[in-house]
Amino acid sequence: MKKIKGISRDTLIFILEVSRSSYPNEFAGLLQAEDGIITEVLILPGTEAGESSALLRLYMMPNISTVGSVHSHPGGIIKPSSADLQMFGKTGNYHIIVGYPYDLQSWTCFNAEGEERELQIIDDQTDE
């Protein structure tokens with residue numbers, strides 16, 4: 001299992017913006033990391049999103065590694081459902097749920113068992 005140090009600020013902002021633009025429907029994707037930092041969101045073909053759920057077609061996942069998942073809860077409750085917990089165990093050990101109003105305070109990371117885990121926001125390095 002990959003040790004994750006945090007999530008890139010740009011990646012988190014992307015997640016929040018895409019969740020906001022998907023409202024009132026849920027948004028869902030898979031997380032990829034580079035050098036211990038979550039930097040990418042993979043959107044799977046065939047993902048279905050509605051107001052009460054988003055369905056990831058895991059069989060559409062290319063042969064790549066993921067460290068977890070991300071999805072939104074438009075109602076604003078940032079707790080994993082039983083369906084979330086079933087999916088968590090299949091995609092890694094870092095699972096982000098974002099909720100309305102989709103700002104930097106409206107997200108939480110969970111492990112595969114649904115327990116909250118700390119995930120540091122890492123400012124992106126720019127080449128100067």
Side-chain angles (χ1 to χ4, degrees):
M1 180 179 346
K2 287 185 178 181
K3 173 69 175 149
I4 299 299
K5 296 180 263 185
I7 183 168
S8 154
R9 181 176 298 276
D10 283 350
T11 302
L12 180 58
I13 289 170
F14 169 79
I15 289 167
L16 295 168
E17 288 177 355
V18 115
S19 296
R20 189 178 305 114
S21 71
S22 298
Y23 183 85
N25 292 330
E26 284 196 12
F27 156 75
L30 297 175
L31 301 172
Q32 293 184 283
E34 184 176 322
D35 299 325
I37 300 171
I38 296 169
T39 56
E40 298 289 331
V41 178
L42 177 65
I43 310 298
L44 294 180
T47 298
E48 294 181 26
E51 291 184 19
S52 62
S53 68
L55 178 62
L56 288 169
R57 306 277 186 207
L58 294 178
Y59 62 86
M60 296 294 286
M61 188 166 79
N63 189 18
I64 57 170
S65 68
T66 62
V67 296
S69 66
V70 60
H71 73 281
S72 63
H73 281 182
I77 298 172
I78 306 174
K79 295 284 181 197
S81 67
S82 57
D84 292 341
L85 293 173
Q86 288 178 351
M87 193 265 308
F88 283 2
K90 298 175 183 175
T91 59
N93 204 31
Y94 293 83
H95 304 279
I96 297 172
I97 298 177
V98 299
Y100 184 85
Y102 309 115
D103 59 27
L104 288 174
Q105 289 72 45
S106 59
W107 68 281
T108 303
C109 185
F110 300 90
N111 64 19
E113 289 75 40
E115 301 160 335
E116 285 189 32
R117 74 176 323 150
E118 187 175 331
L119 188 64
Q120 181 180 357
I121 300 172
I122 297 177
D123 287 319
D124 298 300
Q125 303 296 320
T126 57
D127 296 326
E128 296 183 17

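- In this structure, the side chains of Ile7 and Ile15 come closer than 4.5 Å at one or more pairs of heavy atoms.
- A search for side-chain hydrogen bond (donor to acceptor under 3.5 Å, both in side chains) contacts involving Ser22 returns nothing, not counting sequence neighbours.
- Heavy-atom contacts from other residues, nucleotides or ligands closer than 6.0 Å to CD of Glu115 number more than 12.
- Taking CD of Gln120 as the reference point, atom CD1 of Ile37 lies at 9.0 Å (rounded to 0.5 Å).
- How far CD1 of Ile121 is from OG1 of Thr11: 11.0 Å, rounded to the nearest 0.5 Å.
- Two different hydrophobic clusters hold Tyr23 and Ile77 under the rule that ILVMFWY side chains link at heavy-atom gaps under 4.5 Å.
- Taking Thr39 as the reference, nothing meets the side-chain hydrogen bond (donor to acceptor under 3.5 Å, both in side chains) condition, with sequence neighbours excluded.
- Ile43 approaches Ala28 most closely through the heavy-atom pair CD1-O, 4.0 Å.
- Counting non-hydrogen atoms of other residues, nucleotides and ligands closer than 6.0 Å to CD of Glu40 gives a total of 12 or fewer.
- Contact of the Val70 side chain with the Trp107 side chain is not registered, since no non-hydrogen atoms from C-beta on lie closer than 4.5 Å.
- For Asp10, there are no side-chain hydrogen bond (donor to acceptor under 3.5 Å, both in side chains) partners at least two apart in sequence or on another chain.
- Taking CE from Met87 and OG from Ser81, the interatomic distance works out to 8.5 Å, rounded to the nearest 0.5 Å.
- Here the side chains of Leu119 and Ile38 are in contact, with some heavy-atom distance below 4.5 Å.
- Counting only heavy atoms from C-beta outward, the side chains of Ser65 and Gln32 never approach each other to under 4.5 Å.
- Between atom CG of residue Asp35 and atom CD1 of residue Ile4 there is a gap of 10.0 Å, rounded to the nearest 0.5 Å.
- Ser19 places no side-chain N or O within 3.5 Å of a backbone atom of Phe27 that could act as its donor or acceptor partner.
- Residue His71 holds its NE2 atom at 12.0 Å from CG of Leu30, rounded to the nearest 0.5 Å.
- In this pair, Phe110 and Phe88 present their aromatic rings parallel. The plane angle is below 30°, not in the 30 to 60° band.
- A donor-acceptor contact shorter than 3.5 Å links the side chain of Asn93 to the backbone of Ala112.
- No side-chain donor from either of His95 and Asp84 sits under 3.5 Å from a side-chain acceptor of the other.
- Once rounded to the nearest 0.5 Å, the distance linking CZ of Arg117 with CD1 of Ile96 reads 10.5 Å.
- The 12-atom threshold is exceeded at CG of Leu85, counting heavy atoms of other residues, nucleotides or ligands nearer than 6.0 Å.
- A donor-acceptor contact shorter than 3.5 Å is absent between the side chain of Lys79 and the backbone of Ile97.
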